[in-house]
Structures are given as structure tokens and as C-alpha cells.
Amino acid sequence: VQLQASGGGFVQSGGSLRLSCAASGNILRINVMGWYRQAPGKQRELVATISNGGITNYADSVKGRFTISRDNAKNTGYLQMSSLKPEDTAVYFCNFQVTTYSSSGSYRRNFWGQGTLVTVSA
């Protein structure tokens, strides 16, 4: 399974960006889609998750500003970011918990995307 993240870029404070993460490969089901971020000199932190049933969870720092969503038919997750602040500057990573399969059967595993840089200027 491969995850391809896109949509990062440079934006001014108060602006918006939409991140996408598309999964491909041996996918039976994507159970949880999540977005994490890592700012320079800081640990990677959870931003938001969405379950297969649409239940969402957000970090307090992004509640009311970010919206996570998914398109199961496209195996794609999205993160709509609004009212961006300079402290949102980070590399954003998608992480999917996937039920995948091989010749030996099916199993759950977490996969990471390659990261996409979001820079918010003051």
C-alpha cells in the first residue's frame, strides 16, 4: 500500500489550504484516516482522525478551523485547513490504518504518506 499526500504550500495567516492523501495498492478497507504534523524541532503530533464510519477527532489546537473528511470510493482522505496561523507551519503527514492482504491472508497495518510542507506567514 502506498500513500501519496499533496496540497501543501505557502499561505498567509488567515488563509486556507486543502491537503489530500490518496492510497493505492492491496486495500480491502481503510479503517482510520489520520493527519499528523511535525514542526521544526518538535515531535510529530496528531492533528485529526476520521473513522470508516465518519467519526472525527481533532487536536484542540485545530478544532473549529480544520475539517477532516474522506472519500471511501477513491481511498482518499482530505484535510481542509482554514484560518491558518503561523504556528500551523509544519510538515503534514497522512497515516492510514489499512486492512490489506497478501497471499497469506488479510491483516491490519498502518501506513504513512511522504509528508507535505505547509508554511503560514505572519
Side-chain angles (χ1 to χ4, degrees):
V1 175
Q2 297 83 39
L3 271 56
Q4 181 67 45
S6 61
F10 181 91
V11 64
Q12 291 187 333
S13 182
S16 299
L17 282 174
R18 188 193 196 206
L19 305 183
S20 299
C21 183
S24 61
N26 294 351
I27 299 169
L28 287 177
R29 184 175 59 252
I30 301 175
N31 303 299
V32 180
M33 294 182 178
W35 288 94
Y36 292 73
R37 66 186 181 186
Q38 187 166 17
K42 295 188 177 181
Q43 290 187 332
R44 191 172 298 188
E45 63 176 2
L46 173 68
V47 176
T49 61
I50 183 168
S51 71
N52 189 45
I55 297 173
T56 59
N57 177 59
Y58 296 93
D60 288 343
S61 58
V62 306
K63 281 181 181 177
R65 299 188 299 121
F66 290 11
T67 301
I68 189 170
S69 61
R70 60 190 288 165
D71 185 334
N72 292 330
K74 296 181 179 179
N75 288 332
T76 300
Y78 305 96
L79 186 68
Q80 177 68 47
M81 305 184 294
S82 302
S83 302
L84 283 162
K85 306 175 181 179
E87 51 263 43
D88 294 318
T89 295
V91 177
Y92 284 71
F93 299 89
C94 52
N95 176 279
F96 290 1
Q97 184 196 79
V98 179
T99 300
T100 183
Y101 62 91
S102 66
S103 58
S104 58
S106 64
Y107 51 94
R108 288 188 178 186
R109 184 178 169 185
N110 280 308
F111 295 89
W112 288 94
Q114 84 283 10
T116 183
L117 177 62
V118 172
T119 303
V120 184
S121 67

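Ion pairing between Asp88 and Lys85 fails under the 4.0 Å rule for side-chain N and carboxylate O.
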Apply side-chain contact (heavy atoms from CB on, under 4.5 Å) to the pair Ser61 and Arg37, showing each step before the final yes or no. CA-CA 12 Å; Ser61 58; Arg37 66 186 181 186; 3.4 Å; yes

Arg65/Met81 under side-chain contact (heavy atoms from CB on, under 4.5 Å): CA gap, chis, key distance, verdict: CA-CA 6 Å; Arg65 299 188 299 121; Met81 305 184 294; over 6 Å; no

What do the steps show when you test Ile30 against Arg70 for side-chain contact (heavy atoms from CB on, under 4.5 Å), and what is the final call? CA-CA 10 Å; Ile30 301 175; Arg70 60 190 288 165; 3.7 Å; yes

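Between Pro86 and Ala122, the shortest heavy-atom contact is CG-CA, 3.8 Å. Closest approach of Phe96 and Cys21 over heavy atoms only: CZ-O, 3.6 Å. Considering every non-hydrogen atom in both Gly7 and Leu17, the closest pair reads O-CD2, 3.9 Å. When all heavy atoms are compared, the tightest approach of Gly77 to Trp35 is O-CZ2, 4.0 Å.
In this structure, Ile27 is a member of the same hydrophobic cluster as Ile50, with clusters built from ILVMFWY side-chain heavy atoms closer than 4.5 Å. Hydrophobic clustering places Phe93 together with Leu117 (ILVMFWY residues linked when any side-chain heavy atoms are closer than 4.5 Å, directly or through intermediates). One hydrophobic cluster, built from ILVMFWY side chains closer than 4.5 Å, cannot hold both Ile68 and Tyr36; they sit in different ones. Linking Ile, Leu, Val, Met, Phe, Trp and Tyr whenever their side-chain heavy atoms come within less than 4.5 Å puts Leu84 and Leu19 in one cluster. Linking Ile, Leu, Val, Met, Phe, Trp and Tyr residues whenever their side-chain heavy atoms come within less than 4.5 Å places Leu46 and Trp112 in a single cluster.
A donor-acceptor pair under 3.5 Å is formed between the side chain of Gln114 and the backbone N or O of Ala5. Judged by distance alone, with hydrogens and angles left aside, the side-chain atoms of Thr119 form no donor-acceptor pair with the main-chain N or O of Thr89 at under 3.5 Å. The backbone N or O of Val91 sits nowhere less than 3.5 Å from a side-chain atom of Arg44 that would complete a donor-acceptor pair. With hydrogens and angles ignored, the 3.5 Å screen pairs no side-chain donor or acceptor of Arg29 with any backbone N or O of Asn52.
To the nearest 0.5 Å, atoms CE (Met33) and CG (Asn95) are separated by 11.0 Å. Distance check, rounded to the nearest 0.5 Å: OG1 of Thr56 to NZ of Lys63 gives 9.5 Å. Separation of atoms CZ (Arg18) and OG (Ser6) is listed at 9.5 Å; rounding is to 0.5 Å. Atom OG of Ser103 is separated from atom CG of Asn26 by 10.0 Å, given to the nearest 0.5 angstrom. Atom OG1 of Thr76 is separated from atom OH of Tyr78 by 4.5 Å, given to the nearest 0.5 angstrom. The distance from atom OG1 of Thr67 to atom OH of Tyr58, rounded to the nearest 0.5 Å, is 4.5 Å.
Between Ser16 and Gln80, the closest side-chain pair of non-hydrogen atoms falls below 4.5 Å. Contact check for Tyr107 versus Thr100: side-chain heavy atoms found under the 4.5 Å cut-off.
One side chain, Asn31 or Thr99, offers a donor N or O that lies under 3.5 Å from an acceptor on the other.
A tilted orientation is assigned to the rings of Phe66 and Tyr92, their planes being inclined by 30° to 60°.
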